[in-house]
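A short write-up of the structure that comes next.
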2 protein chains.
Amino acid sequence: MSSTNLTTRARILKSTQDLLEAGRVTEVRMSDIAKLSGISRQALYLHFPNRADLLVATTRYLDEVHAIETVFDQRVVPAKGLDKLTEFVAVWGNYIPKIHGVGKALMAMMDGDAEARAAWDNRMTAVRRIAASVVESLQDEGRLSPELSKKEATDLLWTLVSVRNWESLRHDCRWSQKRYISHMERAAIALLTA
Amino acid sequence: MSSTNLTTRARILKSTQDLLEAGRVTEVRMSDIAKLSGISRQALYLHFPNRADLLVATTRYLDEVHAIETVFDQRVVPAKGLDKLTEFVAVWGNYIPKIHGVGKALMAMMDGDAEARAAWDNRMTAVRRIAASVVESLQDEGRLSPELSKKEATDLLWTLVSVRNWESLRHDCRWSQKRYISHMERAAIALLTA
DNA sequence: CGTCAACTTGACACGGTGTCAAGCTCAATG
DNA sequence: CATTGAGCTTGACACCGTGTCAAGTTGACG
């Protein structure tokens, strides 16, 4: 299934990512991806059963390329106190731009394609788990606002650093990435701590 | 154009809203709306040139039905101090569920349909103006956090109370509407004030 | 040489939007 | 009363993107 021709498969994934990163989501059709990959549209279906699967595979490809798990383990997990919170916001916030294209495409498919929905939810609950562990630490150190339960705090933090909010601030409000990160760090502290 | 047959037109708008409120957005096709309105699919195009226009008309219809402008004028504009902020969050936050269906549909069309994008942006900048006036008041009373410019504060408040965030907390995190409002009021204060 | 996998071309079904043409119905008007 | 025109109907069709199917090509490797 994926033993020999890593080349073509990898080329497809890279093309998909490149197209999604640059253009409007709707303008990334199967035929566009095929063209950029240098193969026929039909050959795409020899590698991925449908568009949703291709997009999901692209997210996993990006996770691998950027070794996001490792970065979380190295920078967020060992941090203490408020640093843990700001490190989480910074690491994730700097990863969002890299997955934004494919995320947007997947989110656009969510209504109507249950598989796409499940795939995106799956990626996002991974982030949620990390947010929960950050909240747990705050709680242990007595820094969590007394007005918030752990679940509520996690929900708020997770929503605060959502891809949609990044999109809103970076694109609609034209913030720089730097400004986004610094204000988000501050916002996370204001929102969650006493 | 819209002088005589208010009945059919109104029936279409109501059907659209009813369908959008209840089901998955993708499953609200022109034919579904026609069926519920008791007319043929083609007759829909005698009233609205395309799907985007129909959805936009539905938002305006909802604005009228709920007299949202009036509510803002009565509850947010006259309020003072932090009350202005919490009133804004509460009024808008309680309006979101009413427009959520059509908003979702419009947002789903935004990529690929420039008209839909423009329409939704237009509605949202109306909210943004109110957010800006709230921030202005905070500033005048010296309550705005010194770390935020007026634009930054408006951007943050507007993003905080976005339809997407409402969706995230109410649906993904399964918060009640009441909990959503009370936490949002608190979050707005924590985020914007010194 | 034969075989197999990767890929090609070309045709097609499906579903949703939007268009076009022709005809029906009924109320208001001359 | 006959005509007109607005509002609606049925039915056919073009377009687009996804996904499927069938038959043929190419090239590496035994």
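Below, read A as the first sequence line, B as the second, and so on, with proteins coming before strands; counting in each chain starts at 1.
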(request) Identify whether the distance between the nearest side-chain nitrogen and carboxylate oxygen of R117(A) and D172(B) falls below 4.0 Å. (result) yes

(request) Can you tell me the distance, in whole Å, between the NZ atom of K35(B) and the P atom of dC8(D)? (result) 19 Å

(message) Going by the rule side-chain contact (heavy atoms from CB on, under 4.5 Å), which residues pair with M107(A) if we only count those two or more places apart in sequence or in a different chain?
(response) M110(A), W120(A), V163(A), R164(A)

(message) Test of understanding: with side-chain contact (heavy atoms from CB on, under 4.5 Å), list the residues that count as partners of A52(B), not counting sequence neighbours.
(response) N50(B), M109(B), D113(B), E115(B), A116(B)

(message) How many whole angstroms separate atom CG of L55(B) from atom P of dT17(C)?
(response) 10 Å

(request) For I39(B), report the nucleic acid contact type (base, sugar-phosphate, nothing); a contact means any heavy atom under 4.0 Å. (result) sugar-phosphate

(message) So, does T8(A) get its side chain near the phosphate of dC7(C), meaning an N or O under 4.0 Å from OP1 or OP2?
(response) yes

(message) Rounding to an integer number of Å, can you tell me how far R9(A) CZ sits from dA6(C) P?
(response) 12 Å

(message) Rounded to whole Å, please give me the gap between CG in D53(B) and P in dT17(C).
(response) 14 Å

(request) For dA6(C), take OP1 and OP2 only and decide whether either is under 4.0 Å from a side-chain N or O of H47(A). (result) no

(request) Using a 4.0 Å heavy-atom cut-off, write out nucleotides 12-22 of chain D from 5' to 3' as B (base contacted by protein), S (sugar-phosphate only) or - (no contact). (result) B----SBBBB-

(message) Do the side chains of K35(A) and D18(A) get close enough for a salt bridge, i.e. N-O under 4.0 angstrom?
(response) no

(request) Answer yes or no: is there a side-chain heavy-atom contact under 4.5 Å between I12(B) and T16(B)? (result) yes

(request) Only one of Q177(A), H100(A), H171(A) passes side-chain hydrogen bond (donor to acceptor under 3.5 Å, both in side chains) with W166(A); say which it is. (result) Q177(A)

